There are 2 protein chains.
Amino acid sequence: MSRPTPNARDRILTAANKLFYSEGIRAVSLDNIAEKAGITKKTVYYHFKSKDDLVEAYLVSRDQPNLTLYRKWFSEADGGLPDKVAAIFFQIAVSARHPKWKGCGFLRTAAELANMPGHPAMKVGAAHKKKFETWLTEEFQAVDLEQPEALARHIVLLLDGAFSTILVHRDADYAEAAGNAASALVLGAMQKGPVAGKPSVKSMG
Amino acid sequence: MSRPTPNARDRILTAANKLFYSEGIRAVSLDNIAEKAGITKKTVYYHFKSKDDLVEAYLVSRDQPNLTLYRKWFSEADGGLPDKVAAIFFQIAVSARHPKWKGCGFLRTAAELANMPGHPAMKVGAAHKKKFETWLTEEFQAVDLEQPEALARHIVLLLDGAFSTILVHRDADYAEAAGNAASALVLGAMQKGPVAGKPSVKSMG
DNA sequence: GCAAGTATACTCACCAGTGAATATACATCA
DNA sequence: TGATGTATATTCACTGGTGAGTATACTTGC
């Protein structure tokens, strides 16, 4: 009911996405965003009640697209479970080699707003990361791995570690190292805990 | 020769440390720092040529202390190599439960300054992380593990992943999960690649 | 005419950095 | 020994600019 407005709100969000991601939260003003969106700051305040509100909307807008991408990389990868997990890391390496890549927007926002734990954007970020972890857990449960939660958590740690170290060193090779570690951990879990009957293949693209 | 000045410079650096770490880089002004140090902003500019310069000095001042701490945690831990590596993670979990803990200052600064890859502080951060990785590599080489560089990199990824995820979720348990993953990887490397004669123990407290 | 949406023009606070002056310490020379 | 010079260290008061957020008025479709 009553689309809030077709055009301006989307343009604001698009501009916010680009600027917040590429420059950071506090480095970007609403004047910058309004200018990039081709409208006035007052219009931004018509659609979003504050900058914090817009920051939250920025992360909300990235939540599903990012998760969808991870799932796609996983499900379209060839090979067994370790390869599918590794595929996520290898695709991140590919992304990270683009010059405009600046790490994970959720992680960077969390780092920048670390002094405001109650900030709405922090909650969105935590929920996003939790969804990813839960999805991985379910994938591991689906093939009857032992301790799927622990394994999923290890993968998550490697993934966020990859985001961070790539950003620090500007070296996408860290993602491949993380992918290797991840597939080793998955393989280890499969050797002791999995269906144990079937060799490895279960899901295929 | 000619100590630059005993008191003021140190007070500035101490104030910068606390404020930059707890609030973030762009969230803190030189007015804030000057006030906390009990001096005038102009005095800050006498000792540091710009805010960027002070940010760099902030990270430089954390470099050795942090590395020393990691080495201490490692060397003072009981048990074999996997336990010593895990000890670093467990100590981070302890630190992270302090209310003032706000993640890794190097990582958070890198995240905030991701749009300025040439910033001097970014170089300091990258060098710091590289030193840690190199040290770990040397520890693994010292006990003749195979592929010590790859293993060290995996540990680094887990460590920085722990810093990031703990900050996002405000849950220090992630450090323990990372420690478990790390010791599993070390153990795996020891089983296939180490001295291979001796069972496992080589370094002991 | 009215309500949603947009714009102009503004407030007030803050920020990085500076100009000019001052205080302190230690030289050097008469 | 005292006068003068010079580098170090510090302050007060300021500038030009930007930031978040707002008061008010215009526009346009229903």
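Quick caveat, the model's predicted, so the values are computed rather than measured. Naming: A, B, ... by sequence-line order, numbering from 1 per chain.
For B/T40, a side-chain nitrogen or oxygen approaches OP1 or OP2 of D/dT11 to under 4.0 Å. Dashed line: the shortest gap from a side-chain N or O of A/S29 to OP1 or OP2 of D/dG19 is under 4.0 Å. Note on A/S50: every side-chain N or O is 4.0 Å or more away from OP1 and OP2 of D/dA20. Here B/K42 does not reach the OP1 or OP2 of D/dT11: none of its side-chain N or O atoms lies under 4.0 Å away.
Between A/W135 and A/F74, the ring centre distance stays below 6.0 Å.
Of the candidates C/dG17, D/dT22, D/dT10, D/dT10 carries the atom nearest the B/Y46 side chain, counting heavy atoms from C-beta on.
Note on A/V28: only backbone sugar-phosphate atoms sit closer than 4.0 angstrom, heavy atoms only; bases stay farther off.
For D/dG21, the base has a donor-acceptor partner in the side chain of A/K41 [N/O atoms by modelled type, under 3.5 angstrom].
In this structure, A/K102 places its NZ atom where more than 12 heavy-atom neighbours from other residues, nucleotides or ligands lie under 6.0 Å away.
Nearest-nucleotide positions on DNA chain D for A/K49 and A/N32 put A/N32 closer to the 5' end.
Atom pair A/D31:CG and C/dA9:P shows a separation of 15 Å (rounding to whole Å applied). Summarising the geometry, the separation between CD1 on B/I39 and P on D/dC12 is reported as 11 Å, rounded to the nearest angstrom. If you take NE2 of A/H47 and P of D/dG21, they are 17 Å apart, rounded to a whole angstrom. Here the P atom of nucleotide C/dC15 and the CZ atom of A/R26 are 12 Å apart, to the nearest Å. To the nearest angstrom, C1' of C/dC15 lies 16 Å from CD of B/E23. Computed from coordinates, the A/L30 CG to D/dA20 P distance equals 5 Å when rounded to whole Å. Protein atom CZ of B/F48 is 14 Å distant from nucleotide atom P of C/dG17, rounded to whole Å. One atom, OH of A/Y45, and another, P of D/dT24, lie 18 Å apart when rounded to the nearest Å.
Of the charged side-chain nitrogens involved, none lies within less than 4.0 Å of a carboxylate oxygen, so that A/E138 and A/R71 do not count as a salt-bridged pair. Salt bridge present: B/D63 and B/K131 bring a charged side-chain N and a carboxylate O closer than 4.0 Å. B/K36 and B/D31 are not joined by a salt bridge, as no carboxylate oxygen comes within less than 4.0 angstrom of a charged side-chain nitrogen.
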